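Worksheet: one structure, shown below.
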2 protein chains.
Amino acid sequence: MPKAGLTAAAVTEAAAALVDEVGFDQLGMGLVAERLGIKTPSLYKHVNGQTDLAHRIAILAMNQCADAIRDAIQGRSGTEALARGAQAMRTFVKDHHGRYAAANAARPTGPGDPLIDALNRVVDSWAAMLHGYRIDPDQQIHALRMLRTVLHGYASLEAASGFQFATDIDDSFTWMIDFIDHGLQETTTNSTPSHKAAPGVTL
Amino acid sequence: MPKAGLTAAAVTEAAAALVDEVGFDQLGMGLVAERLGIKTPSLYKHVNGQTDLAHRIAILAMNQCADAIRDAIQGRSGTEALARGAQAMRTFVKDHHGRYAAANAARPTGPGDPLIDALNRVVDSWAAMLHGYRIDPDQQIHALRMLRTVLHGYASLEAASGFQFATDIDDSFTWMIDFIDHGLQETTTNSTPSHKAAPGVTL
DNA sequence: CCAAGTGGCTAATGTCGTTAGCTATAGACT
DNA sequence: AGTCTATAGCTAACGACATTAGCCACTTGG
């Protein structure tokens, strides 16, 4: 394949950087092309239109997010893993709200879509954060969904600058994670201690 | 004012019904006009463009959401208010995911924007759900933000059909609300019993 | 019955995503 | 080296859509 020029990955990263600056709703082929120093139609040699580009940004974002959490909880477990993983996800979203918005807007195109793998990687990261809490297997899925809900909810609100006038958002976040940590330790007082990771596909 | 025809409110409600069906991202002046039996440019006699229309949908949605919660928790308090209010919000979002998406996308245009009042009504509804839990005043803002985070997060995920293959979402939701209820009752074991509602403006 | 204001329409404009077709250059092959 | 082929990028053109300008008709108030 001659003509080094650009690649789909390079276009995607440029577009991701763009939406992190101007917001996902401002994504436009013209802006991306301008940033790459080429004309708009040339983008179509690398990407199948704006929808495809947004889809690629979403995959990139979810993989990066999963990486960030994985790195943050390396070797830790329980309370510490929860706190560090939650913070990692939060800072990732704060620094890359455009990517994250793209990921939220994206829908898998069908089975085999790499987006599904990326999403599952994130879910696995969350599941890993729940390791160390000896949660009743029947309740693991609920705990996982709660974790997802809380992390997504907070990130989403913060990305949309939903907490407008507040200065002590950090305090609220750590308070909330503490709250969940305490609750999860209570939950442990139940039945069998077998704690296996929740399967990625079940969400 | 002659010519009964249409009003801004009627256009807004038609558009809100539309986005609930086709999704907020599919909102277009053409579709709204078609639904009202008029041509596209005629909409501009009632609404200042698509942005304004989306903004009006957001205000409508937040007011309706606040109404739904208020009706659900009438006279209740504590655990019961939390459970009923949360369910009310959830079903509202499930039935009106388009409106809700519009509300999330909307940004207040400035001070005096009716959208701010509508948002504050919702926050007040959430604050009302926390009445009856004797929460340390210093922690009220954190608890309120957590509640907001959880409800928004869940609603947002469900609206975007984020919980794809799961059939037991209802169980997870009630489990989560139970989890929070228990945690809030623990939190009560602290200091002074004075519990005033959090002010609406502080978010 | 007349005057005025307003809702709706058609026509036109600008923006933006997308497609079609051309050109030049970078690598492959002899 | 010389030629052939594939392709990255470009210009031109199209289509969808939001928006604006200007016109007409009907409804209301006197």
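Quick caveat: nothing in here was measured; it's all calculated off a predicted structure. Lettering follows sequence order; numbering is per chain, from 1.
End-to-end axis angle of the helix from C:dC1-D:dG30 to C:dT30-D:dA1, using five pairs per end and rounding to 10°, comes to 10°.
We find that CG of A:L27 is positioned 8 Å from P of C:dG17, with the value rounded to whole Å. Atom-to-atom, CG of A:D25 to P of C:dC16 comes out at 14 Å; the value is rounded to the nearest Å. If you measure from atom CG of B:L43 to atom P of D:dA21, you get 17 Å, rounded to the nearest angstrom. The distance between atom NZ of B:K45 and atom C1' of D:dA18, rounded to the nearest whole Å, is 16 Å. Atom CD1 of B:I38 and atom C1' of C:dT6 are 14 Å apart (whole Å). Atom NZ in B:K39 sits roughly 17 Å away from atom C1' in D:dT19 (whole-Å rounding). The interatomic distance linking B:L6 (CG) with D:dT27 (P) rounds to 15 Å, in whole Å.
Remark: B:D67 pairs with B:R70, B:R121 by the side chain to side chain donor-acceptor pair (under 3.5 Å) rule, at least two apart or across chains. Contacts of A:D52 classified as salt bridge (charged side-chain N to carboxylate O under 4.0 Å, His left out), with partners at least two apart in sequence or in another chain: A:R56. A:E80 pairs by the side chain to side chain donor-acceptor pair (under 3.5 Å) definition with A:R76, not counting sequence neighbours. B:H46 pairs by the ring-ring contact (aromatic ring centres under 6.0 Å, His included) definition with nothing, not counting sequence neighbours. By the ring-ring contact (aromatic ring centres under 6.0 Å, His included) test, A:F173 is found to be paired with A:Y154, residues two or more places apart in sequence or in another chain being considered. Remark: A:T51 pairs with no residue by the side chain to side chain donor-acceptor pair (under 3.5 Å) rule, at least two apart or across chains. Contacts of A:H55 classified as ring-ring contact (aromatic ring centres under 6.0 Å, His included), with partners at least two apart in sequence or in another chain: none.
A salt bridge links A:R90 with A:D170: at least one charged nitrogen is closer than 4.0 Å to a carboxylate oxygen.
For D:dT7, the OP1/OP2 oxygens have no side-chain nitrogen or oxygen of A:H46 closer than 4.0 Å.
When the nucleotides D:dA8, C:dC9, D:dC10 are ranked by their closest atom to the side chain of B:S42, C:dC9 comes out on top.
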Between N or O atoms, less than 3.5 Å apart, protein on one side and nucleotides 18-20 of chain C on the other: list the pairs.
unit_1: C:dT18; atom_1: OP2; unit_2: A:Y44; atom_2: OH; d: 2.6
unit_1: C:dT18; atom_1: OP2; unit_2: A:Q50; atom_2: N; d: 2.7
unit_1: C:dT18; atom_1: O5'; unit_2: A:Y44; atom_2: OH; d: 3.1

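A ring-centre distance under 6.0 Å is not found for A:Y100 and A:H96.
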